[in-house]
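Here is how names work: the chains are called A, B, and so on, in the same order as the sequence lines, proteins then strands, and each is numbered from 1.
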Protein chains: 2
Amino acid sequence: MEAQIDEILRKNQLSVTGSRKRILELFLASNGALAHGDIEKKTGEKFDRVTVYRTLQTFLEKGIIHTIPTPDNSVLYALCKDNCTEGHHHDNHVHFICRECGKTICLADITIPEVKLPGGFLPHEYQMIVTGLCKECR
Amino acid sequence: MEAQIDEILRKNQLSVTGSRKRILELFLASNGALAHGDIEKKTGEKFDRVTVYRTLQTFLEKGIIHTIPTPDNSVLYALCKDNCTEGHHHDNHVHFICRECGKTICLADITIPEVKLPGGFLPHEYQMIVTGLCKECR
DNA sequence: CAAACGCATGCAACTTTGTTGCAAAATGAT
DNA sequence: ATCATTTTGCAACAAAGTTGCATGCGTTTG
């Protein structure tokens, strides 16, 4: 894992620092999405709030992670797949949020179906969120 | 419109008060979605911030409005269709958010296409957001 | 239509969340 | 090891959202 983390950072021309390693580690460990609060709690002892904000911001810009809008308007972040590049994301898969345990899962295999928009609308990015119960909670 | 507003409130067993009337009026006038900030600005003189929060909260609980998650994680609210009831919403239409003017439009005619979820997941609610350029801004 | 009850509002204080500027420390290149 | 650059932590601040309580308004009842 250590090596994987280093590679991700190097590939994105980011210096390898403690907070970046730790936060990436968290993302790799949980194969779901993390709220800012989650990250802050798990790193709170070691890193400043501000550092967490800035690290996430950096990862977003580099396309390492992406945000997931949720119905209750909390902020969630998740790792992007390899083919995400700076500026343009290719994470158009469906996100599932469990009502019970609150966990957010990237359904990487499920691509968002096409929809026909009324004339005049020029679509750019699609997001789809499904809420319900996950395997464990049903 | 006055009558329509009264009816909505009565139907939901809510007392007819100034702030509720005004906020409903705003929703009816803009046939898109409103951010909390929008509402606060347009009513700021007359009502307290706290009242706006509580009014929106009440409307949410009664199923008069629903929230729309946006890619930049701001909070948007929009009127529900008539058949929304307390607890269970039926607003599964697509929402379009314009990158340019920021306006959010309910594409009430476009229903969210079905997706097959991996085994074990029990879906409850679907949300779909498309960002891009609207008719005016393209 | 008046009185009384209960709910909604405004205010103040507070918590949480996110941002900015700057000095100190850590990182990577030489 | 040294130096330039980037990252971090701190402090202070700004914005967003919450809570408790006293007052006032809307609704109901007689």
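Between B:P118 and A:L107, the closest side-chain pair of non-hydrogen atoms falls below 4.5 Å. For the pair B:I64/B:T58, no side-chain contact is recorded, criterion being any heavy-atom separation below 4.5 Å from C-beta on. Side-chain contact check for A:I68 versus A:H66: some heavy-atom pair is nearer than 4.5 Å. With contacts defined as side-chain heavy-atom distances shorter than 4.5 Å, the pair B:I23/B:F59 qualifies. No side-chain heavy atom of A:H124 sits under 4.5 Å from any side-chain heavy atom of B:L133. Here the side chains of B:T131 and A:Q127 are not in contact, with every heavy-atom distance at 4.5 Å or above.
On the nucleic acid side, DNA chain C contacts chain A at distances under 4.0 Å to non-hydrogen atoms, with the end points of that region at C:dT17 to C:dG28.
Axis angle, first five pairs versus last five pairs of the helix from C:dC1-D:dG30 to C:dT30-D:dA1: 40°, rounded to 10°.
A search for side-chain contact (heavy atoms from CB on, under 4.5 Å) contacts involving B:D38 returns B:L34, B:A35, not counting sequence neighbours. Legend: residues meeting ring-ring contact (aromatic ring centres under 6.0 Å, His included) with B:F96, ordered by chain and number and at least two apart, are A:F121. Evaluation of the side-chain contact (heavy atoms from CB on, under 4.5 Å) rule for B:E7 yields B:K11 as partners, not counting sequence neighbours.
The CD1 atom of B:I39 sits 14 Å away from the C1' atom of D:dA16 (whole-angstrom rounding). A straight line from NZ of A:K21 to C1' of D:dT8 spans 15 Å, rounded to a whole angstrom. Between the CG atom of A:L24 and the P atom of D:dT7 there is a distance of 14 Å, given to the nearest Å.
Exactly one of A:I8, A:D6, A:L14 qualifies for a side-chain contact (heavy atoms from CB on, under 4.5 Å) with A:R10. That residue is A:D6.
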For this session: Can you check each nucleotide of nucleotides 17-30 of chain D against protein heavy atoms at under 4.0 Å and return B for base, S for sugar-phosphate only, - for none, in 5' to 3' order?
Result: BBBB-----SS---
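Contacts of A:S19 with the nucleic acid, taken as non-hydrogen atoms under 4.0 Å apart, involve only primed sugar atoms and P, OP1 or OP2.
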